[in-house]
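To keep things clear, I will list the structure first and then write my remarks on it.
What you see is a predicted model; the values in this text were computed from it and never measured. Residues: numbered from 1 along the sequence shown. Note: hydrogens, waters and symmetry copies are ignored here, and every other heavy atom, side chains too, is used. Counting convention: from 1, in listed order, for ligands and their atoms alike.
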Amino acid sequence: MTYARIAGVGSCLPEKVLTNKDLEGMMDTSDEWIRERTGMKRRHVAGEGETTGSMSLIAAQRALEMAGMAADELDMIVVGTCTPDKIIPATATIVQRELGIKGCPALDVNAACSGFLYGLDYANRYFLTGGAKKALVIGAETLTRIVNWEDRTTAVLFGDGAGAVVLEVSDEPGILATHIHANGEFEELLHTTGGISRGFDASCDRDGFVRMEGNAVFKRAVATFDSIARETVADLDGHLDDIDWFIPHQANMRIIKAAAKKLSMPMERVISTVDEHANTSAASIPLALDLAVREGRIKRGDTLLMAAFGAGFTWGSAMLKF
Ligand code: UT7
């Protein structure tokens, strides 16, 4: 059997950091509220000139270095993002050019916070059908560019960053299962009112800022982890103990704890970065993965479960042997 196996991981975080205390000086909020409701303490914010593409490139170079792979060996580049550098071309093609390569397909996937898992699922299917032997999958965002800094209900929640994995074909188990889903019924619970074809016009409520009905999204996110847990139990024939590490999307510590409970995962086996990174959307899972690998917590042979939920709604999971 052929598998796509992670050969290298990498990430990039902007240097600039905004703490909850900093936010207190910018809007009517408090460190206490943010910590209690979200678990967040600080977030990285892209500086001038720093983009989804520039952070993706650094994360990709670090992942390629760990894999011991040259960029021109890649058969595919996928970037999960809802904050691309430009409308066209895809950020993935910008990353490709900056890596100094050409020819292999390069595309962006917009599935909001589930973007990295959608990208992983997409790339994995190429491996399973023999269409790719080496691939770069990135999750990267600059969400702070589309938050309204006057809206305390969203501005405190997001951060920027990028994470990348290099996949390589292997006879050894790698990606074991992926599941991705969507339901467009709840579009307006988490969205931007303006857009390319709808147009942007702040005067008639079509701006480009993220808007979220936080509490309604919260309840949906927690409920969705029920179905993710059910799919995982089915994949494992009920042997949830086989999972060494759970890496959830980092939207809110309370959601992470609820999800871990549904999977009977003790918090010691949950990778959480929400305190340091806040919600980095599609970047949050590969960022957390890279951190845990470089800290030596996740080791070769460990079984990982990744799960995400985001705007759309979209959601999904991936189980793999690292
Ligand atoms: O990544 C994609 C998916 N995203 C998520 O999964 C995020 C899901 N939602 C959440 O994480 C939470 O719903 C939030 C953290 C956004 C909000 O927490 P909550 O416990 O659901 O609070 P709430 O929205 O019910 O608001 C409670 C109160 C409100 O005041 P009143 O109406 O009770 O007087 C808000 O106005 O907290 C107020 N509030 C704030 N207060 C201080 C909202 N934002 C802030 C703030 N600082 N930044």
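- Side-chain N/O atoms of T232 and D235 include no donor and acceptor closer than 3.5 Å.
- Between atom 17 (C) of ligand 1 and the options W33, F313, F218, F309, the minimum heavy-atom separation is to W33.
- The shortest N or O to N or O distance between N215 and ligand 1 is below 3.5 Å.
- In terms of N/O distances under 3.5 Å, ligand 1 is approached by G214.
- No side-chain donor from either of E50 and H44 sits under 3.5 Å from a side-chain acceptor of the other.
- At least one N or O atom of R37, backbone or side chain, sits closer than 3.5 Å to an N or O atom of ligand 1.
- Atom numbering of ligand 1 starts at 1 in the shown order; those under 4.0 Å from a heavy atom of A251 are 1 (O), 5 (C), 6 (O).
- Take F225 and apply the ring-ring contact (aromatic ring centres under 6.0 Å, His included) test, not counting sequence neighbours, and it matches no residue.
- Side-chain contact annotation: D85 with T51, donor-acceptor N/O pair under 3.5 Å present.
- Annotation: salt bridge (charged side-chain N to carboxylate O under 4.0 Å, His left out) contacts involving residues 279-296, sequence neighbours excluded, comprise D290-R294, E295-R297.
- Side-chain contact of T83 with E141: a donor-acceptor pair under 3.5 Å is present, judged by distance alone.
- In this structure, the protein non-hydrogen atom closest to atom 1 (O) of ligand 1 is N279 ND2, 2.7 Å.
- Ranking the protein heavy atoms by distance from atom 35 (C) of ligand 1 puts R152 NH2, 4.1 Å first.
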